[in-house]
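Comments concern the structure below.
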Amino acid sequence: MVGISVRTYERWCSEGGVKEDRRRSAERPAPKNKLTDEEYQSIINIVNMPEFADLPPSQIVPALANRGIYIASESTMYRILRKKNMQQHHRGRSKPPEKSKLPITHIAKAPNQVWSWDIT
């Protein structure tokens, strides 16, 4: 009925008491340090401010710290930007990097056509 084997039940009831449910599907309480919706939205608003719009969190957090403001850690800001999936990719005024193919200059189609040496 519960979806566990008899052996799991025995393991949970060992040592005199019932242990907590460790299944991945178990409902767990929210962590005490979880960001509220207001805190989450304030981080999004700060990151989208014109003065911070082209900066990564590794530069935003110290800039806010110089003003005496602490909203969230750098890793939390990165996590939120990743979750939004629209703001983590390229945050800058410059063009994003483009991948280019390297030109193939030496192609050997038969023996002894391409030679090189190391002078070190």
Side-chain angles (χ1 to χ4, degrees):
M1 294 174 74
V2 181
I4 60 173
S5 66
V6 175
R7 178 64 188 122
T8 301
Y9 177 75
E10 290 172 353
R11 196 170 46 249
W12 284 0
C13 293
S14 66
E15 301 176 7
V18 178
K19 297 180 181 176
E20 66 181 44
D21 190 354
R22 293 185 182 169
R23 292 179 292 176
R24 292 178 190 244
S25 61
E27 292 184 21
R28 291 174 173 63
K32 294 179 183 177
N33 59 347
K34 181 179 179 182
L35 292 174
T36 63
D37 293 335
E38 294 83 23
E39 291 170 331
Y40 184 87
Q41 191 59 41
S42 69
I43 291 171
I44 297 295
N45 292 339
I46 286 175
V47 167
N48 289 330
M49 289 174 63
E51 61 184 307
F52 299 126
D54 59 342
L55 298 176
S58 61
Q59 294 178 9
I60 296 172
V61 172
L64 291 173
N66 288 339
R67 298 178 189 177
I69 301 171
Y70 180 79
I71 302 297
S73 68
E74 184 180 326
S75 61
T76 300
M77 283 192 180
Y78 274 114
R79 186 172 61 248
I80 289 173
L81 290 176
R82 258 192 315 275
K83 188 175 181 182
K84 293 297 279 184
N85 196 24
M86 63 181 180
Q87 300 181 358
Q88 179 55 28
H89 302 295
H90 179 73
R91 297 181 57 83
R93 286 177 258 168
S94 64
K95 291 171 51 176
E98 296 178 3
K99 291 186 177 181
S100 61
K101 292 183 180 179
L102 295 175
I104 300 174
T105 58
H106 305 298
I107 299 175
K109 295 183 179 178
N112 295 323
Q113 286 185 340
V114 178
W115 289 75
S116 66
W117 73 84
D118 185 9
I119 61 172
T120 56

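- Here the straight-line distance linking atom OG of Ser73 with atom CZ of Arg79 works out to 6.5 Å at 0.5 Å rounding.
- Grouping Ile, Leu, Val, Met, Phe, Trp and Tyr by side-chain contacts under 4.5 Å, direct or through others, puts Trp117 with Ile119.
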Item checked: Residues Lys83, Tyr78; criterion side-chain contact (heavy atoms from CB on, under 4.5 Å); working and verdict -> CA-CA 9 Å; Lys83 188 175 181 182; Tyr78 274 114; over 6 Å; no
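- Using a 4.5 Å cut-off between side-chain heavy atoms of Ile, Leu, Val, Met, Phe, Trp and Tyr, with links allowed through other members, Trp115 and Ile107 fall into different hydrophobic clusters.
- Each salt bridge (charged side-chain N to carboxylate O under 4.0 Å, His left out) pair with one or both residues in residues 100-120, not counting sequence neighbours, would appear here, but there are none.
- Of all heavy-atom pairs between Met77 and Ile43, the closest is CG-CG2, 4.0 Å.
- Rounded to the nearest 0.5 Å, atoms CG (Leu64) and CE (Met49) are 8.0 Å apart.
- In this structure, Ser42 and Ile71 have side chains that are in contact, with non-hydrogen atoms separated by less than 4.5 Å.
- Listed by first and then second residue, the side chain to side chain donor-acceptor pair (under 3.5 Å) pairs involving residues 55-70 are Glu51-Arg67 (not counting sequence neighbours).
- Nearest heavy atom pair, residue Asn48 against residue Ala53, reads O-CB, 4.4 Å.
- Taking the side chain as every heavy atom from C-beta outward, Val47 and Pro57 never approach each other to under 4.5 Å.
- Looking only at atom types and distance, the side chain of Gln41 has no donor-acceptor partner in the side chain of Asp37 under 3.5 Å away.
- The closest side-chain heavy-atom distance from Ile80 to Leu35 is below 4.5 Å.
- Across Ile46 and Ile60, no two heavy atoms sit closer than the pair CG2-CG2, 4.4 Å.
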